[in-house]
There are 2 protein chains.
Amino acid sequence: MFEVFFSHVLKKVSLSEAEKTTIKAFFISKKLSKKQHLLHQGYVCKYMSFVEKGLLRSYHLDENGIQHVTMFAWEGWWTSDIQSFLTGEAATQSIDAIEDSELLMISQADFEAMTLEVPIMDRYFRILFQNSIVTKERRLVSSNTFTAEEKYLQLAESNPEIIQRLPQNLIASYLGLAPETLSRVRKNIALRK
Amino acid sequence: MFEVFFSHVLKKVSLSEAEKTTIKAFFISKKLSKKQHLLHQGYVCKYMSFVEKGLLRSYHLDENGIQHVTMFAWEGWWTSDIQSFLTGEAATQSIDAIEDSELLMISQADFEAMTLEVPIMDRYFRILFQNSIVTKERRLVSSNTFTAEEKYLQLAESNPEIIQRLPQNLIASYLGLAPETLSRVRKNIALRK
DNA sequence: GTAGAAAGTTGATCTGTATCATGAAATAAC
DNA sequence: GTTATTTCATGATACAGATCAACTTTCTAC
């Protein structure tokens, strides 16, 4: 169950067997089948979840009831509404499973306890969050300054797995485009080749 | 010199006097006068810089030579091209001073050394980066889903200091808007009152 | 395998924001 | 204080991408 998890953590920090055992104890596991929700917008996000298997997406529902995909997470990624998880405020996002998934989940209290008991996990998360910031900064530049086609091409370049694994309408939403626009963008790219 | 710095760090973690002394030794200080650059796009970002005093902005120059403001940093904020700082790759951003500024700077090597010698600093940065992620996620949703007016209003709401302290054209760039658009948006808001 | 639903395509039209252009106001430089 | 430079405002126009609509293809469930 913890294979993907530890292989991921060990890429960033070293852990003794004792530490591994300690860490394991803080997590609970959960299976989610396709279309099931992990989190509903408006509720508190009680867990950070590591994806051992499967694929999930986070999305935000606006006042007009339109879904805006904010993130995808598959094997080796974490997912949660961090804001809600940390502060205990209501989540502004929902999370559901796109494929049948297996998760390792840790609560806010256990997260605190774990980092205090195994301080090197602070380092792991510091590095993890650092990388996440880099990604989000890149997405922000892209979102503010690129054309629809440039946004798509950069995504295809930097994150080909998203293109392969997800339906086009969700990719469009993730890029902040209308599905029709993405369809046309892809057509133009194909025509030019 | 370290007043703002430690008052900021101590809001997130506790430090002994000995730890403070250790930490201080890793930093160098630097004064920057208005319009001076801290970092030029294309060069490696050697430091993370904490702003003790003043105001800086980060921006990205696109292929057409147009500046896109990505961040502001004033008293109590960190600034750097994190991607470049961490990986040693060329920076994709420049940073310059909008007001005369005083900085505390730490190199990548000293950053590593400091977190190893004072592990609780990993925790500080973990929390810092967590918060930064929340902010960037909010900006991403805003950028993808809000109208020009909504973007401006949310910024005014969540970050009034930016509105007061920075010229309108830089705010427009930060929001990914043409300066003319922001001018019109502000006019409409004023008219409606 | 078939029916129904969801996702994707393509065309026509509309609209928010960018761009271009010019003048006014504010700031900075001497 | 005057001049030069930068920032801001306002109007006219252009265009990328949204929206609306109809149709086709692909999935899904039984």
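Since this is a predicted model, take the numbers as computed values, not measurements. Throughout, a chain's letter reflects where its sequence line sits, starting with A, and its residues are numbered from 1.
Here A/Lys187 does not reach the OP1 or OP2 of C/dT9: none of its side-chain N or O atoms lies under 4.0 Å away. Dashed line: the shortest gap from a side-chain N or O of A/Gln168 to OP1 or OP2 of D/dT26 is not under 4.0 Å. The phosphate of D/dC8 (OP1 or OP2) has a side-chain N or O of B/Asn169 nearer than 4.0 angstrom. Put simply, B/Thr181 has no side-chain N or O that comes within less than 4.0 Å of OP1 or OP2 on C/dT17.
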Output side-chain donor-acceptor pairs under 3.5 Å for residues 173-182 of chain B, partner residues at least two apart or in another chain, one line each.
| residue | atom | partner | partner atom | Å |
| --- | --- | --- | --- | --- |
| B/Ser173 | OG | B/Gln67 | O | 3.4 |
| B/Ser173 | OG | B/Val69 | N | 2.8 |
| B/Tyr174 | OH | B/Arg139 | NE | 3.4 |

message: What does the B/S/- profile of nucleotides 20-30 of chain C look like, 5' to 3', with a 4.0 Å heavy-atom cutoff to protein?
response: BB------S--
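Listed in residue order, the members of residues 153-165 of chain A having a heavy atom less than 4.0 Å from DNA chain D come to none. Taken residue by residue, residues 138-152 of chain B places no heavy atom nearer than 4.0 Å to DNA chain D.
The CG atom of B/Asn188 sits 15 Å away from the C1' atom of D/dC8 (whole-angstrom rounding). As a whole-Å value, the separation of B/Leu170 CG from D/dC8 P is 8 Å. Rounding to whole angstrom units, NE2 of residue B/His68 and P of C/dA18 are separated by 11 Å. Atoms CZ (A/Arg186) and P (D/dG17) sit 17 Å apart, rounded to a whole Å. A straight line from CD1 of A/Ile98 to C1' of D/dT28 spans 15 Å, rounded to a whole angstrom. B/Leu166 has its CG atom 18 Å from the P atom of D/dT6, to the nearest Å. When rounded to the nearest whole Å, the span between CD1 of A/Ile189 and C1' of C/dT9 equals 15 Å. Here the P atom of nucleotide D/dT28 and the CG atom of A/Asp100 are 11 Å apart, to the nearest Å.
Side-chain proximity of A/Pro167 to the nucleotides C/dG8, D/dT19, D/dC8 is greatest for C/dG8.
Qualifying side-chain hydrogen bond (donor to acceptor under 3.5 Å, both in side chains) partners for A/Glu112, counting only residues two or more places apart in sequence or in other chains: B/Arg123. Legend: residues meeting salt bridge (Lys or Arg N to Asp or Glu O under 4.0 Å) with B/Arg165, ordered by chain and number and at least two apart, are B/Glu75, B/Glu99, B/Glu161.
In this structure, a donor-acceptor pair under 3.5 Å is absent between the side chains of B/Thr22 and B/Glu19.
Aromatic ring centres of A/Phe111 and A/Tyr47 lie farther apart than the 6.0 Å criterion allows. Between A/Phe27 and A/Phe50, the distance from one ring center to the other does not fall under 6.0 angstrom. Between B/Trp78 and B/Phe125, a ring centre-to-centre spacing shorter than 6.0 Å is recorded.
Here A/Leu182 lies out of heavy-atom contact (under 4.0 Å) with every strand.
Judged by the 6.0 Å distance and 45° axis criteria, A/Arg57 is positioned over the aromatic ring of A/Tyr59. Cation-pi check for B/Lys20 over B/Phe2 is not met; the charged atom does not lie both under 6.0 angstrom from the ring centroid and within 45 degrees of its normal.
Judged by distance alone, the side chain of B/Asn159 and the main-chain N or O of B/Ile162 form no donor-acceptor pair under 3.5 Å. The closest donor-acceptor contact from the side chain of A/Ser132 to the backbone of A/Leu128 lies at 3.5 Å or more, if one exists at all.
Salt bridge status for B/Asp100 with B/Lys34: absent, with no side-chain N to carboxylate O gap under 4.0 Å.
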